[in-house]
Student: 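The structure is given below, and queries will be raised subsequently.
Note that the structure is a prediction, hence the values are computed from the model and not measured. Residue numbers begin at 1 in each chain, while the letters A, B, ... track the order of the sequences.
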Amino acid sequence: MARIAPVNAKGTRDFLPRDLVRRNRVFSLLRETFEHHGYEPIETPSVENTNVLEGKYGEEGDRLLFRILKRGESLEKAARMLLAEADGDHSAAALSRLFSDEALRYDLTVPFARVIAAHQNDIVFPFRRYQMQPVWRADRPQRGRYREFYQCDVDCVGSRSMTVDAEMVAIYCEVFTRLGYTNFVTRVNHRGLLNSLMAVSAVPEDKRVATMTAMDKLDKIGLDGVREELVKLALGDASVDQLIEMIGLSGTPQAMLAALRPMVADSTEGVEALDELAEVFEYAAAMGVPTERVSFDMSLVRGLSYYTGPIFETVLTDMQFGSLGGGGRYDRLIGQFTGRDLPCVGISFGLERIFDTLSEQDANEEPATTTQALVTLFSRETFAHAFALARDLRAAGICTEVYTEPKKLSTQLTFAKNKGIPLAVILGPEEIAAGAVVLRDMRTSTQRAVPSADAAAQAQALLR
RNA sequence: GUGGCCGUAGCUCAAUGGUGGAGCGCCAGAUUGUGGCUCUGGAGGUUGCGGGUUCAAGCCCCGUCGGUCACCCCA
């Protein structure tokens, strides 16, 4: 019989206990931080109607949607339509739409916007929520990039105040600091500012996306590289020079804002953006964000098309890696569902990238398990004592497993070592006769006999 | 979606077109109640998969799947 190769679907992974124990630690820390700041959890379905998702992420995003094939009658009907129109539009985009009207969620923001639009009357505004769920993108996998990955989103709906935008910066700072990162910075920019830069530099409408994409590559290809790309776009020397001058600005956010102010003086949108950014930096500092943890970065663009105000991206400063998270203000997304805009700002944490970089930082990973104690088994006659002791340990809050059968002790201890269980409990005929058990600390290779009645308390002390 | 590189034991990797190996890990024993050290032995493979060239393919060719890197884009 032909064997089936036990391989994962492209870009997906299995998580074994040692992986999941670590992941859950990160999850817990995020959850705790969000709730400390007054954010409440929600969840949404994995599947959305395609029209909810399409057009929210830009052209690239539509291509990366995982679409769900129609089934049964609908599928046959779609096939008949295709055959009836032999000379119709057979592009991948058109075919996708014909054969599918549902897709896996691409991010957590758009489904969230749908939820807000649908449940406006049940929600107290301003509404702070967080959400940790997998999302799917039909991208080509690379290091730190998967087709199925978890995102943790934090959003606040119903306020135009820059205090909320600053809070996003503060939450980034708190989470990454608590995770042990010492090398990160949250880059901040503003969509309105970018728009006004395009306007005051006389970049034609049809070249603005390409221009911003080129600007976004600054940290990768340098100022000269960006200039080359802009020249290739045939923007004209004056436009190129002005853009390069603005992108090249450096210094404190306050100094950069001051330098920009005269350049965008003719643009209402630009002036407002500068005012908002000034507030964000001021409030973030007041919220305790150190100056080295936040930067004003005019080359930050971000691909998602729904952003309208400040945008954020948190990156590691000492290694070339994708961003650990990003977000921004999107005041007009909910209006696409209800016809009436509701201001929103939110950020996303790339859990996989956090997990990958944390793993790379502490290379000497010890086996991780949730089990704290292993009770060994000797012979049929010791079973009852072992089970009773295991109950004592569990009653004391110690995660305890009893070995499955009476194999020789070295096998059982090796099992404990390989799983990373810190405490082995040995009780054979000798101990039972003495009314005692042996607590062996696997980490220090020390052990001592204690009366069975004290075992749970002593074990607690050892594990503390 | 475009291009480059790579797929050999559980893991890391060897093998001029000519009988597929090593280290680590695993199992057993030395050690009948003690993991890490030492020694001895053992198991484990349709060389990712499918075709082709050849007397002969792990090696060459084509396809395919997967991984990886650079683009694109992104968390």
Side-chain angles (χ1 to χ4, degrees), chain A residues 2-13 16 57-64 91-93 106-109 132-153 172 209-210 212-214 216-217 220-221 229 300-305 312-316 320-327 347-357 367 374 376-379 382 403 406-433 437-449:
Chain A
R3 286 186 307 186
I4 300 159
V7 296
N8 292 69
K10 186 192 293 202
T12 67
R13 295 141 309 147
L16 296 181
Y57 309 110
E59 200 176 315
E60 186 74 7
D62 284 353
R63 192 171 64 73
L64 297 179
S91 68
Y106 179 90
D107 74 353
L108 301 180
T109 305
M132 304 182 172
Q133 288 188 277
V135 302
W136 293 268
R137 294 182 190 179
D139 208 348
R140 186 179 288 211
Q142 281 184 34
R143 185 174 68 137
R145 173 188 289 191
Y146 305 96
R147 289 185 148 192
E148 177 184 62
F149 61 98
Y150 273 79
Q151 282 196 327
C152 304
D153 270 33
Y172 266 144
V209 170
M212 289 194 280
T213 300
D216 196 40
K217 294 182 189 169
K220 202 172 265 184
I221 61 179
E229 298 238 341
L300 175 64
V301 175
R302 296 194 56 73
L304 301 181
S305 52
F312 316 104
E313 187 165 281
T314 299
V315 294
L316 296 179
Q320 189 77 17
F321 201 81
S323 64
L324 298 185
I347 53 175
S348 181
F349 290 81
L351 185 82
E352 314 304 337
R353 293 186 173 178
I354 290 171
F355 188 70
D356 286 356
T357 51
L374 173 75
T376 57
L377 285 181
F378 269 83
S379 60
T382 68
Y403 200 73
K407 283 195 182 164
K408 61 179 192 176
L409 193 54
S410 66
T411 301
Q412 301 186 52
L413 290 177
T414 300
F415 170 81
K417 184 200 74 169
N418 288 345
K419 279 194 68 168
I421 300 172
L423 181 65
V425 182
I426 301 167
L427 76 171
E430 285 175 28
E431 286 78 16
I432 291 171
V437 302
V438 169
L439 300 181
R440 180 173 180 81
D441 190 329
M442 299 297 290
R443 300 162 297 189
T444 59
S445 298
T446 57
Q447 66 183 46
R448 65 194 155 118

Student: Nearest whole angstrom, please: distance from the P of B:A75 to the CG of A:Asp153.
Tutor: 10 Å
Student: Under 4.0 Å from OP1 or OP2 of B:C71: is there any side-chain N or O of A:Lys220 that close?
Tutor: yes
Student: With the side chain of A:Arg145 defined as its heavy atoms from C-beta on, choose the nearest nucleotide among B:U34, B:U68, B:C74.
Tutor: B:C74
Student: Using only heavy-atom distances, decide whether a donor-acceptor pair under 3.5 angstrom links the side-chain of A:Gln412 to the base of B:G33.
Tutor: no
Student: If you assign A:Gly326 and A:Thr12 each to the RNA chain B nucleotide with the nearest heavy atom, which residue ends up on the more 5' nucleotide?
Tutor: A:Thr12
Student: Could you let me know what B:G41 is paired to, Watson-Crick or G-U wobble, both distances under 3.5 Å, or none if it's on its own?
Tutor: B:C27
Student: Provide the Watson-Crick or G-U wobble partner of B:C60, both distances under 3.5 Å; none if there is no partner.
Tutor: B:G52
Student: Relative to each other, are the rings of A:Tyr106 and A:Tyr57 parallel, tilted or perpendicular (30° and 60° limits)?
Tutor: tilted
Student: Rounding to an integer number of Å, can you tell me how far A:Leu413 CG sits from B:U31 P?
Tutor: 19 Å
Student: How far, in whole Å, is B:C13 from B:U8 if one measures between their P atoms?
Tutor: 9 Å
Student: Name the pairing partner of B:G3, where a pair is Watson-Crick or G-U wobble with both distances under 3.5 Å, or state none.
Tutor: B:C69
Student: Need one value for A:Ile426: base, sugar-phosphate or nothing, where a base atom within 4.0 Å counts as base even if backbone is also close, heavy atoms only.
Tutor: base
Student: Is the ring of A:Phe149 stacked on the base of B:A75, with centres less than 5.5 Å apart and planes under 30° off?
Tutor: yes
Student: Which is true for A:Glu313 with a 4.0 Å heavy-atom rule: it touches a base, it touches only sugar-phosphate, or it touches nothing?
Tutor: nothing
Student: Testing A:Arg140, A:Arg353, A:Glu352 for side-chain contact (heavy atoms from CB on, under 4.5 Å) with A:Arg145, which one passes?
Tutor: A:Arg353
Student: Whole Å only: how far is the CG atom of A:Asn418 from the P atom of B:C27?
Tutor: 7 Å
Student: Without decimals, in angstroms, what is the distance between A:Tyr146 OH and B:U68 C1'?
Tutor: 12 Å
Student: Taking side-chain hydrogen bond (donor to acceptor under 3.5 Å, both in side chains) as the criterion, tell me which of A:Asp107, A:Thr314, A:Asp153 meets it with A:Ser348.
Tutor: A:Asp153
Student: Less than 4.5 Å apart, any side-chain heavy atom of A:Thr411 and any of A:Tyr403?
Tutor: yes
Student: How would you label the contact of A:Gly11 with the nucleic acid (heavy atoms, under 4.0 Å): base, sugar-phosphate, or nothing?
Tutor: sugar-phosphate
Student: Measure from CD on A:Gln142 to P on B:C71 and round the result to the nearest Å.
Tutor: 8 Å
Student: Is a donor-acceptor contact shorter than 3.5 angstrom present between the side chain of A:Arg353 and the base of B:C74?
Tutor: yes
Student: Test your reading of the model: is there a side-chain donor-acceptor pair from A:Arg147 to the backbone of A:Asp139, 3.5 Å cut-off?
Tutor: yes
Student: Does B:C71 have OP1 or OP2 under 4.0 Å away from a side-chain N or O of A:Arg140?
Tutor: no
Student: Closest approach to the side chain of A:Pro141, judged atom by atom: which nucleotide of B:G35, B:A75, B:U68 is it?
Tutor: B:U68
Student: How far does the P atom of B:C37 sit from the matching atom of B:C72, given to the nearest Å?
Tutor: 49 Å
Student: Hey, is the side chain of A:Thr213 poking within less than 4.0 Å of OP1 or OP2 on B:C73, counting only N and O atoms?
Tutor: yes
Student: Quick check on B:C72: is either OP1 or OP2 less than 4.0 Å from any side-chain nitrogen or oxygen of A:Lys217?
Tutor: yes
Student: Considering only B:G33, B:A75, B:U34, which nucleotide approaches the side chain of A:Arg440 most closely?
Tutor: B:U34
Student: Quick one: label A:Gly428 by what it contacts on the DNA or RNA (base, sugar-phosphate, nothing), any heavy atom closer than 4.0 Å.
Tutor: base
Student: Starting at the 5' end of RNA chain B, which residue's closest nucleotide do you reach first, A:Val438 or A:Asp216?
Tutor: A:Val438
Student: How many Å lie between NZ on A:Lys407 and C1' on B:G35, as a whole number?
Tutor: 15 Å
Student: Base, sugar-phosphate, or nothing: which does A:Tyr150 touch, judged by heavy atoms less than 4.0 Å apart?
Tutor: nothing
Student: For the side chain of A:Arg137 and the base of B:C73, is some donor closer than 3.5 Å to an acceptor across the two?
Tutor: no
Student: Quick one: does any side-chain atom of A:Tyr172 pair with a main-chain N or O of A:Gly326 as donor and acceptor, under 3.5 Å?
Tutor: yes
Student: Run the side chain to side chain contact (heavy atoms under 4.5 Å, CB included) test on A:Val438 and A:Glu431 for me, step by step, so that the C-alpha distance in whole Å, both residues' side-chain angles and the decisive distance to 0.1 Å come before the verdict.
Tutor: CA-CA 7 Å; A:Val438 169; A:Glu431 286 78 16; 3.5 Å; yes
Student: Between the base of B:G35 and the side chain of A:Arg443, is one N or O donor paired with an acceptor at under 3.5 angstrom?
Tutor: no
Student: For A:Gly61, which contact category applies under a 4.0 Å heavy-atom criterion: base, sugar-phosphate, or nothing?
Tutor: nothing
Student: Round to a whole Å and report the spacing from CG of A:Asn8 to C1' of B:G66.
Tutor: 10 Å
Student: Can you tell me how far C1' of B:G1 sits from CG of A:Leu64, to the nearest Å?
Tutor: 9 Å
